[in-house]
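One is the number of the first residue; the rest follow in order along the sequence.
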Amino acid sequence: MLTLKRFMQTSDTPAMLPALIARLVLGIFFFTTGFNKLFVPENQQLMVDTLHDAGIPFPAMMSVVVAFLECSMGMLLALGLFSRLSALTLFIISGVALVTIGIYTIPQGLTLIAWLSWLFYLPETLYMVLSLLFIIWGGTLYSLDSWLVKRWQSMRQIVFVEG
């Protein structure tokens, strides 16, 4: 059964310092790219054009939705708040970008090894792998998820001890 504790539980071991750095970098990356797509007019139009060329329906509306999700979920991931949900959202965005745009930048007629090399060179692939880590691990070190779980456990202990 999925409980709030299990959903937001994270690891606080010092060995998770690289994961903290990866979470911050990935979150800040998506926050800044989403922010630029929302508030910089040239980037807004570029996003609409990209979605139109990729065959995404309603490109004007979807560009705002995707940019908002990148910005907000990137910020939440950087803070370590609702890390699994944020990472899942960013994983899906990266996956859609990979299959609608990124994969078509790979040249035709390559051997399997060469094709995989190109696939792993695409940034969307890396974003998906990093997001997958946080879907599984949660917020890791210094996340608001971890802090909230500890507070919730303390409050629950107080309620059940006094009640």
Output the distance between atom CG (D145) and atom CG (L76), rounded to the nearest 0.5 Å. 9.0 Å
Kindly compute the distance separating CD (E70) from OG1 (T89), expressed to the nearest 0.5 Å. 11.0 Å
Side chain to side chain contact (heavy atoms under 4.5 Å, CB included) evaluation trace for L116 with L110: CA-CA 9 Å; L116 286 173; L110 298 174; over 6 Å; no
Should K37 and Q44 be marked as a side chain to side chain contact (heavy atoms under 4.5 Å, CB included) after you check the CA-CA gap, both sets of side-chain angles, and the distance that decides it? CA-CA 5 Å; K37 291 171 189 173; Q44 291 171 351; 6.0 Å; no
Please report the interatomic distance OH(Y104) to CG(L98), rounded to the nearest 0.5 Å. 10.0 Å
W137 vs F134 aromatic rings, parallel, tilted or perpendicular, using cut-offs 30° and 60°? perpendicular
Criterion side chain to side chain contact (heavy atoms under 4.5 Å, CB included) on L81 and S143, from CA distance to verdict: CA-CA 7 Å; L81 183 60; S143 68; over 6 Å; no
For Y127, check ring pair (Phe, Tyr, Trp, His ring centres under 6.0 Å) against everything at least two apart and list the hits. F29, F30
When hydrophobic residues are tied together by side-chain contacts of less than 4.5 Å, even through go-betweens, does L38 share a cluster with I28? no
When rounded to the nearest 0.5 angstrom, what distance separates CG in L26 from CG in L130? 5.5 Å
Does any non-hydrogen side-chain atom of L122 lie less than 4.5 Å from one of T125? yes
Below 3.5 Å, can you tabulate the donor-acceptor pairs from side chains in residues 47-68 to any protein atom, sequence neighbours excluded?
from, atom 1, to, atom 2, distance (Å)
D49, OD1, Q45, NE2, 2.9
T50, OG1, L46, O, 2.8
S63, OG, P59, O, 3.3
S63, OG, A60, O, 2.8

Rounded distance [0.5 Å steps], CG in L133 versus OG in S83: 12.5 Å
